[in-house]
Amino acid sequence: MLRALPGGRLRERDEAAADRLACLMALEQKALWLSTWMIHYANHIRPSRDGLKVGGHQASSASVATLMTALYLDVMRPQDRVAVKPHAAPLFHALQYLLGQQSRDKLERFRALGGAQAYPSRSKDGDIVDFSTGSVGLGVGVTLFASLVQDYLRLKRLIPSDTAPGRMIALAGDAELDEGNIFEALLEGWKHDIRNLWWVIDYNRQSLDAVVSDRLFGRIDALFEMFGWRVVTLKYGRLLQAAFARPDGEQLREWIDACPNSLYSALVYKGGEGWREHLRRDLNRYPGIRAILDDHDDEALARLMTNLAGHDMGSVLDAFHAVTDDQPTCFIAYTIKGYGLPFAGHKDNHAGLMNPQQMAIFQQRMGVPAGAEWDRFSGLDLPSEELEAFLAQVPLAAQDARRHTPPPVAVPAIATPRGKRLSTQEAFGRILGALATADDSFASRLVTTSPDVTVSTNLGAWVNRRGIFDRAERADTFREEKVVSAQRWGMSPQGQHIELGIAESNLFLLLASLGLAGPLFGARLLPIGTLYDPFIKRGLDALNYALYQDARFILVATPSGITLAPEGGAHQSVLEPLVGIAQPGLIGFEPAYADELTVLLRWALDEIQRDDGRSVYFRLSTRPVEQPERDIDPGLAAAIVAGAYWLREPAPGSELAIAYCGAVAPEALAAHEALREDVPGAGLLAITSPDRLHEEWRSALARGERSEAERLLSRLRPGAALVTVSDSHPATLSWLGSVAPTTLVPLGVDHFGQSGDIPDLYRVYGIDAEAIIDATARACLRASGFVSR
Ligand SMILES: Cc1ncc(C[n+]2csc(CCOP(=O)(O)OP(=O)(O)O)c2C)c(N)n1
Ligand SMILES: [Mg+2]
């Protein structure tokens, strides 16, 4: 197309392109300088109070300087969203500073309180960060699920579908591809036919410890292609390509292609002399190679031999701009870790810092005068006005805010499922089934997802009505063939359940993306994910990752504990309630009754939409238990949300109480009933959320006020006997002994389970009514000063 233009305009275009290229290359140098200086300043200049190395990754930043400059200052459009590899945070902050979206003050406080974060953080760095990163692999995976969520919203017209979709971009370190979560995501992405996804791999062939295996990446491109991706390999820059075009140049190409990663890296570090020695040794018989060696002094030879395409701005821009469709694309960009810095290529450079002497030489080379280290343009060959004008037209600079703030969705009243005996899991399924019938904007924002346990976590009724999401209409074959099944399995763009394969890590990355739909894309979703309680552990880091980004969702986990009885030890959960307590960003609940769950679910749907809200985790059970006959008044509803209430009020100054949580309610009730004759004033405390109770206790202590838990326990006499019981680790509730002076005996499960029925298992693990009664006797003895030896 260019060739068809009259010569004059062609020249004009060429000149404009050359000017742009010059600006980008100058700013790339500046971003490299600033990232390096930011780390140096934090480690060597800013006063240190604790003697700790501040750290920061100069080599990892240098390796992506060209790729990230090209993306941020040229290729990206406002609707694109990016996950930057964690160790390129300094470069990321430098580019934002050049774009006028990061302050010098924050750069000066890199890795200090209130300063630019060590790794890009949505919650701490604010609007400039789309996806947090840090735990390698997860930032890459999340972009895939974000692209799925974008499609979900566009196909349902919850966001405009007549504008170009954003590209979800991950800038990945090559070692990140060792993380299994990436491959789990790839497989899921293929199933969902994801689009608009770019993974840019910084192929510097180094991880943290060393140089990575040569053989691995030979398989990577085939792997991506197998999953329907386009693979674009950026291997050699323009200098090297020109050298390959010279006589015998092919020999040079073959030599580099065959050069083991560790030798290539070592020679990068050694520089021109090292290259010359090896090329002479191996290729001296080729006159063309001798000519190349003669034409290049050591410095020029080093520049030539390290001219990989990932450091060649022209090649990088060509590669990015050549992709104009929505096919997922993996760019494998050959780079050098520490490119342009004295430790380039050295296997130990991951956490390496330039020392003050090296930094002084580097500063001189970059032409940055002393005192002008933080200047945006000092030392560059181009006039500041030209660079300023260039930056002003960068699409990302024109953007006011990257984050959307859609209004909350009003949550309607929810009716309590009725029934004499119900499990909390069944109640959950019925509540969702009822919500599915509503034709309102609220129900249209609900979206459910599950890793192959949709049916067994009781989402069946919801899915039957709302259908499964797919970009294409797919018939339910069993239905068409008139094979009877309780479960419809038709798929369409209207579907509101996203079915996943078993990988729990994918569930949490999808929940992260669904839970960020509002800020990322401008339409709020109310995501509910279901899984088996024990398998939260399987995706715990991805869950933590989702919450660290402040993604909002509801997690419903069943079955749980040894209450799943015949399923045995492999499916039993023990420590998950402690996750509910200890995991930031997540509020854990373990209700026993359907009416409690109804109150809590309604509350949770508001909570996940509040500015300062959090995600909510429900630990539910498949055990049917007799339901209390009662209406829940506002006072009781508030107590259920606060985490506890007296199911049986103790007499004032009572000497004994039992506190229980979750599915062991019948045992606690039976024990309480049995004790009534001996201890008529004994209380029975229903705990719906150890997490909320514990949190409020701590914050009340900090305020110097009386906590809710203390208020509840103050009904007992000081030092009264208290037995706690839950189908989980006893530490879930044993802390209650510190809230008020009590003599506490904690019951719970701290061993692996096994198959059995509930009576057997509760007996063997000591959480049946008998065990509770025994424990109360022991607690009462201790409380009255008799301790058996
Ligand atoms: C899950 C996880 N495990 C370990 C680490 C520690 N770690 C930080 S960087 C790194 C290697 C990164 O290598 P690569 O992704 O190739 O990045 P680059 O070479 O660009 O620094 C490791 C193991 C981490 N951040 N996350
Ligand atoms: Mg690497």
Side-chain angles (χ1 to χ4, degrees), residues 31-32 35-36 39 53 55-69 71 82-92 94 111 117-121 131-143 170-185 199-214 216-217 220 234-235 261-262 264-266 268-269 306 308 310-311 330-341 343-353 505 508-509 512 537-546 548-549:
L32 173 65
S35 67
T36 312
I39 298 168
K53 172 182 169 180
H57 299 84
Q58 291 174 329
S60 300
S61 286
S63 149
V64 276
T66 321
L67 294 165
M68 276 182 64
T69 305
L71 282 171
V82 198
V84 174
K85 70 166 191 172
H87 302 79
L91 195 90
F92 167 77
R111 289 184 168 229
Q117 294 297 296
Y119 306 106
S121 167
F131 300 103
S132 306
T133 52
S135 176
V136 298
L138 296 175
V140 185
V142 82
T143 56
L171 270 156
D174 48 346
E176 293 200 68
L177 269 82
D178 286 333
E179 290 288 2
N181 88 272
I182 291 192
F183 300 94
E184 294 178 352
W199 285 359
V200 182
I201 300 174
D202 173 14
Y203 186 38
N204 59 26
R205 298 167 304 289
Q206 282 186 245
S207 57
L208 187 155
D209 281 334
V211 176
V212 301
S213 152
D214 287 290
L216 181 66
F217 256 70
I220 293 287
L234 291 91
K235 191 161 186 183
N261 285 347
S262 15
Y264 185 86
S265 296
V268 168
Y269 179 71
T306 57
L308 300 180
H311 298 302
C330 170
F331 298 90
I332 301 178
Y334 278 69
T335 56
I336 288 164
K337 192 153 171 170
Y339 186 71
L341 307 182
F343 43 49
H346 196 292
K347 73 176 176 60
D348 305 336
N349 67 11
H350 181 77
L353 297 176
S505 169
F508 293 121
L509 291 181
K537 287 192 289 294
R538 187 69 182 258
L540 200 51
D541 194 27
L543 170 63
N544 178 67
Y545 175 72
Y548 179 59
Q549 319 210 48

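In each ligand, atom 1 is the first atom listed, and ligand 1 is the first ligand listed. Bear in mind the structure is a predicted one, so any value in this text is a computation, not a measurement.
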Is G134 close enough to touch ligand 1? Criterion: a residue heavy atom under 4.0 Å from a ligand atom. yes
If you have a sec, work out which protein heavy atom is nearest atom 26 (N) of ligand 1 and how many Å separate them, to one decimal? V136 N, 3.1 Å
Would you say S63 and ligand 1 have an N/O pair spaced under 3.5 Å apart? no
Could you tell me, atom by atom, which parts of ligand 1 come under 4.0 Å of a heavy atom of S135? 1 (C), 26 (N)
Please indicate whether F183 has more than 12 foreign heavy atoms, meaning atoms of other residues, nucleotides or ligands, lying under 6.0 Å from its CZ. yes
Quick check: closest heavy atoms across D174 and Y203, and the distance to 0.1 Å? OD2-CD1, 3.5 Å
Report for the Mg ion (ligand 2), protein N, O or S closer than 2.8 Å, by chain and number, lists D174 OD1, N204 OD1, Q206 O
Nearest neighbour in protein (non-hydrogen) for atom 16 (O) of ligand 1: D174 OD1, 2.6 Å
Side chains of S135 and Y548: donor-acceptor distance under 3.5 Å anywhere? no
Side chain or backbone of D202 under 4.0 Å from ligand 1, or both, or neither, by non-hydrogen atoms? side chain
Could you tell me which residues satisfy ring pair (Phe, Tyr, Trp, His ring centres under 6.0 Å) with H311, sequence neighbours excluded, listed by chain and number? Y339
Hey, is atom 1 (C) of ligand 1 touched by any protein heavy atom at less than 4.0 Å? yes
Using atom types as modelled and distance alone, determine if a side-chain donor or acceptor of E176 lies under 3.5 Å from a backbone N or O of G137. yes
If I apply the N/O under 3.5 Å rule, does S207 come out as touching ligand 1? no
Is the NZ or CZ atom of R111 both under 6.0 Å from the centre of the six-membered ring of Y119 and within 45° of that ring's axis? yes
Minimum heavy-atom separation for L91 to A31, with atom names? CD1-O, 3.7 Å
Out of the candidates N181, L138, L543, only one should pair with F508 under the side-chain contact (heavy atoms from CB on, under 4.5 Å) rule; please name it. L543
N204 and ligand 1 - part of the residue with a heavy-atom distance under 4.0 Å: side chain
Let me see the working for Q206 and V212 under side-chain contact (heavy atoms from CB on, under 4.5 Å), right down to the final yes or no. CA-CA 5 Å; Q206 282 186 245; V212 301; 5.8 Å; no
Strictly inside 4.0 angstrom of atom 4 (C) of ligand 1, do you find any protein heavy atom? no
Suppose we measure from atom 21 (O) of ligand 1 to each protein heavy atom; which comes out shortest, and what is that distance? S60 OG, 2.6 Å
Between N204 and S63, do the side chains contain an N or O donor and an N or O acceptor separated by less than 3.5 Å? yes
Given 3.5 Å as the limit, does a donor-acceptor pair link the side chain of Q58 with the main chain of T36, or not? yes
Tell me which one of R205, H87, E179 gets a heavy atom nearest to atom 9 (S) of ligand 1. H87
Protein residue, atom and distance nearest to atom 20 (O) of ligand 1, heavy-atom basis: K85 NZ, 2.3 Å
The closest protein heavy-atom partner of atom 17 (O) of ligand 1 is G173 CA, 3.9 Å
I'd like to know if D202 pairs up with K85 as an ion pair, taking the criterion as any Lys NZ or Arg NE/NH1/NH2 lying under 4.0 Å from an Asp or Glu carboxylate oxygen. yes
Protein heavy atom at shortest distance from atom 6 (C) of ligand 1: L208 CD1, 4.0 Å
Among V64, T306, L67, exactly one meets side-chain contact (heavy atoms from CB on, under 4.5 Å) together with T335. Which residue is that? L67
Run the side-chain contact (heavy atoms from CB on, under 4.5 Å) test on W199 and L171 for me, step by step, so that the C-alpha distance in whole Å, both residues' side-chain angles and the decisive distance to 0.1 Å come before the verdict. CA-CA 6 Å; W199 285 359; L171 270 156; over 6 Å; no
Please list, in number order, the atoms of ligand 1 under 4.0 Å from a heavy atom of H350. 9 (S), 21 (O)
Under a 3.5 Å cutoff, is there a donor and acceptor pairing between the side chains of H350 and K337? yes
Closest candidate by heavy atom, reference atom 13 (O) of ligand 1, pool P86, A175, A59: A175
Heavy-atom proximity to atom 18 (P) of ligand 1, picking from H57, E176, K337, points to K337
